[in-house]
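Structure first, commentary second.
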Amino acid sequence: LMGGKAAEELIFGAKNVTAGCTSDLRQATGLARRMVMNFGMASADGEPGTLYMDVDDYAVLSDEAKHDIDKKTQNLLNNAYSKAAEYLKAHEEELHHLAKALIEFE
C-alpha cells in the first residue's frame, strides 16, 4: 500500500507527490491501526500488546493509551514506507520498465 507514494516520491520528488495515493494511505493507516488495536502488534519489546477489540474502545481510552496506539501505528506506517522506498530505489530501473510497459499496453 505504500509503494505508490514511495514511487511517486522517488520519480517526481517529495514536493510533487499527487493525491492519487490518498486512498492507499487511508487503507494502510486503517490496517496498521487494526494491527495495533485488534491484534496487539507493534510492541517495542516484541511481546504481544493489549488487545482492543473494537475501534469504539479507542474513545474511552486515556490520552496516554491513545498516544501509545497512535505512536505504534505511525511506527508501522513509517517502517512500511521505508521498506517500500528502499526496495523501489534498489529496483528503480525495473520501476521505469514497468511504468513504460503500463503506458504502452494500457
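Keep in mind that what you see is a predicted model, and the values were worked out from it rather than measured. All heavy atoms count here, side chains included; hydrogens, waters and symmetry mates do not.
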- Message: Once side-chain contact (heavy atoms from CB on, under 4.5 Å) is applied, do any residues pair with Asp68, and if so which ones, sequence neighbours excluded?
- Response: Lys72
- Task: Starting from Phe105, walk the hydrophobic network (Ile, Leu, Val, Met, Phe, Trp, Tyr; side-chain heavy atoms closer than 4.5 Å) and list everyone else you reach, by chain and number.
- Result: none
- Check which hydrophobic residues are tied to Ile103 through side-chain heavy-atom contacts below 4.5 Å, counting indirect links as well, and list them. none
- Query: Hey, which of Leu31, Asp70, Leu76 is the one that makes side chain to side chain contact (heavy atoms under 4.5 Å, CB included) with Val36?
  - Reply: Leu76
- Message: Going by side-chain hydrogen bond (donor to acceptor under 3.5 Å, both in side chains), name the pairs with one or both residues in residues 9-22, residues two or more places apart or in two chains.
- Response: Lys5-Glu9, Glu8-Thr18, Glu9-Tyr81
- Note on the structure: Residues joined to Val60 in its hydrophobic cluster, side chain to side chain under 4.5 Å directly or through other members, sorted by chain and number, are none
- Task: Check Leu61 against Lys66 and note the closest heavy-atom contact, atom names and distance.
- Result: O-CE, 3.4 Å
For residues 86-100, which side-chain donor-acceptor pairs fall under 3.5 Å, sequence neighbours excluded?
{"unit_1": "His91", "atom_1": "ND1", "unit_2": "Tyr87", "atom_2": "O", "d": "2.9"}
{"unit_1": "Glu92", "atom_1": "OE2", "unit_2": "His96", "atom_2": "NE2", "d": "3.4"}

- CG of Leu77 to CZ of Arg33, rounded to nearest 0.5 Å, is 9.5 Å
- Contact summary for Met2 and Ala80, nearest pair of heavy atoms: CG-CB, 3.9 Å
- To the nearest 0.5 Å, how far apart are CE in Met37 and OG1 in Thr73? 8.0 Å
